[in-house]
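Notes to accompany the following structure.
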Amino acid sequence: MQVLLWRYFAIFTVLIIAVVSLVCFGVLGNAYSAQARDRITTIGRGLTMIIDGKNSQFTGEVGGEMNRYAFTEGVDVFLTGTDGQAFIYTTEPSDDWDSIFSELNSTVNGWTENRAVIYGSSSMLNYASCVTFNGEQCYLLVRYPMYIMTESVNSMQIYIIIIAAVTIIIAFIISYILAQRIARPIRTISETATRMAKGDYSVQFASAEFEELAQLSESLNYAKDEIKKSDDFQKELLANVSHDLRTPLTMIKAYASMVKEISGDDPQKREKHLQVIIDEADRLTGLVNDILNASKVSAGLSELNKKVFNLTEFIYGIMNKFDYLQETSGYKFYVDIDPNLYTLADEEKIYQVIYNLVSNAVNYTGADKCVYVSLKDMPEQSRIRFAVRDTGKGISDEEKEHIWDRYYRSKDAHARPVKGTGLGLNIVKIILQAHNFDFGVNSVKGEGSTFYVDFPEVSSNPDEKIN
Ligand code: ADP
């Protein structure tokens, strides 16, 4: 990238300098020759008027005036007959006078009153006009040597080339430094990203001088922290899950061996041992289901299948499932449910939500083993609020932010050891967000927690919604 940037900068400067130089070359050359033509025309016209006697203010000698122009303007002036005999001149006619005169003669093409022409080459510019001197037809020839000008133009052009070359070299150096300054932080970011990709999350993306790159570094640092968190969570989960899977599997194997070798003939013992196997197998199934559910829900594999159903009966139905805990483990469920409430949702998914929330309340409630479940109509908001309250240790404000995260499990000791995966509330969150339902938790540390979900209230008729 650095080379590319440098190349672009360099090409750009060379182009600009080339354009500027070309313009200078063209303009300089043209300006000089235009100026020379103007001057020779002014001199030629002035002298023509004097010789023709049309300048009434002129009283001096024609020869003297010709000499004055020759001296002040650096031109050679000749007054010559139509036969080629120069009779007044400012410089002695040179050896090539014959060819000079024949060029003049052929260019003017015969004496014609008032005719004037400018002709010549890059080294000599000529002005010729037909004049009448002392009643004789003759030619006035003004010669302007261009080589002095051409030389100064040439030396100017050499200066331009030198300046252009120096500017290009400076531009190359500046663009190299600039390209390096832009490319260096990008290279650093890319090297850091490579280290991170190899699993080194201790890296830090350095802030850069350019705002956009500084923002990129910031975003990458954020992404890195998130990836690290998820990586840590996954490692922790793997450790937890493998531990949680190993325990029931060991139990199942141990009790199966006991049934085979010891209790096979004793129906009472066998029954007890088989029940342990069944319970542990159930725990395994629950665990595996949780993990599968979480990945299935978050991968969006399961579409929502919404329909209107009786929420009151639905909640009663779920609470019945927890009845056995009242009988076997001394839990007390206080249920306060308003009658005949209907909502529109995916029944199967909402089952997972309610079941997870009530299970958590059971798992995390205090020593009194009380769980409070309510379903209340809030007609002014067209909502139904489901709430489940426990009397456990509660959740700190800091923890509240994390409990909905995948694999999050509190490190706090609860009333009884809870074997979980940290997936339950994450599943709840994903399902409720997909429904766009309000939900949350109110909790005071040491006084228990209340988890709630707001369902939209609809009429019992599936086609008619309550506003
Ligand atoms: P799990 O219960 O399997 O650990 P969850 O996702 O259901 O996973 O809950 C995540 C964490 O939230 C739990 O580890 C626990 O710390 C906390 N939590 C959930 N429900 C309650 C509750 N009713 N009271 C106190 N803490 C809770």
Side-chain angles (χ1 to χ4, degrees), residues 229-230 232-248 280 282-298 315 318-319 321-322 325 329 331-335 349-374 385-434 439-453:
K229 248 191 246 169
S230 136
D232 289 349
F233 280 147
Q234 292 202 26
K235 280 187 191 141
E236 210 179 297
L237 171 83
L238 206 68
N240 287 345
V241 166
S242 44
H243 172 261
D244 288 354
L245 287 179
R246 209 175 297 131
T247 320
E280 291 303 313
D282 281 347
R283 259 181 63 194
L284 265 183
T285 315
L287 195 68
V288 172
N289 277 348
D290 259 9
I291 298 169
L292 289 180
N293 259 335
S295 25
K296 208 167 131 193
V297 171
S298 62
I315 303 288
I318 296 178
M319 292 317 297
K321 297 244 155 70
F322 287 90
L325 286 174
S329 312
Y331 280 93
K332 289 186 271 301
F333 291 98
Y334 297 92
V335 179
K349 302 254 164 14
I350 296 301
Y351 183 92
Q352 275 178 277
V353 170
I354 306 294
Y355 192 87
N356 277 339
L357 293 180
V358 178
S359 297
N360 276 354
V362 167
N363 287 333
Y364 297 106
T365 195
D368 60 1
K369 293 192 171 181
C370 291
V371 172
Y372 300 82
V373 173
S374 66
R385 172 161 289 198
F386 167 83
V388 52
R389 179 165 75 85
D390 61 63
T391 58
K393 294 191 122 203
I395 304 165
S396 66
D397 284 345
E398 192 206 324
E399 252 195 306
K400 270 183 207 156
E401 286 176 27
H402 301 295
I403 53 170
W404 308 96
D405 292 347
R406 213 173 207 204
Y407 308 136
Y408 178 82
R409 298 201 62 207
S410 162
K411 290 169 187 64
D412 265 12
H414 286 275
R416 62 205 77 74
V418 178
K419 290 203 163 133
T421 51
L423 289 168
L425 286 183
N426 185 251
I427 297 174
V428 169
K429 179 177 94 170
I430 293 169
I431 293 174
L432 293 177
Q433 278 179 344
F439 63 97
V441 59
N442 296 316
S443 179
V444 176
K445 199 77 183 137
E447 289 179 23
S449 323
T450 305
F451 283 82
Y452 66 88
V453 181

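Counting starts at 1 for both ligands and their atoms, following the listed order. For this chain, numbers begin at 1 and follow the sequence in order.
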For this session: Measure across Ser449 and Ser443 and return the closest heavy-atom pair with its distance rounded to 0.1 Å.
Result: OG-OG, 3.2 Å

Exercise. Can you list the atoms of ligand 1 that are under 4.0 Å from a heavy atom of Ile403?
Worked result: 10 (C), 12 (O), 17 (C)

For this session: Determine whether the aromatic ring centres of Phe386 and Phe439 lie less than 6.0 Å apart.
Result: no

Exercise. Are the side chain of Lys369 and the backbone N or O of Ser329 linked by a donor-acceptor pair below 3.5 Å?
Worked result: yes

Exercise. So, the side chain of Thr391 versus the backbone of Gly448: is there a donor-acceptor pair under 3.5 Å, distance only?
Worked result: no

Seminar exercise, completed: Counting from 1 in the order shown, the ligand 1 atoms closer than 4.0 Å to a non-hydrogen atom of Ile395 are 25 (C), 26 (N), 27 (C)

Exercise. Can you list the ligand 1 atoms lying under 4.0 Å from a non-hydrogen atom of Leu425?
Worked result: 5 (P), 6 (O), 7 (O), 9 (O), 12 (O), 19 (C)

For this session: Look at the aromatic rings of Tyr372 and Tyr334 and report parallel, tilted or perpendicular, splitting at 30° and 60°.
Result: parallel

Exercise. Of all the heavy atoms in Phe451, does at least one lie under 4.0 Å from an atom in ligand 1?
Worked result: yes

Problem set entry | Ligand-residue contact atoms, ligand 1 with Ser449, heavy atoms, under 4.0 Å | 24 (N), 25 (C)

Problem set entry | Sub-4.0 Å atoms of ligand 1 with respect to non-hydrogen atoms of Asp390 | 22 (C), 23 (N), 24 (N)

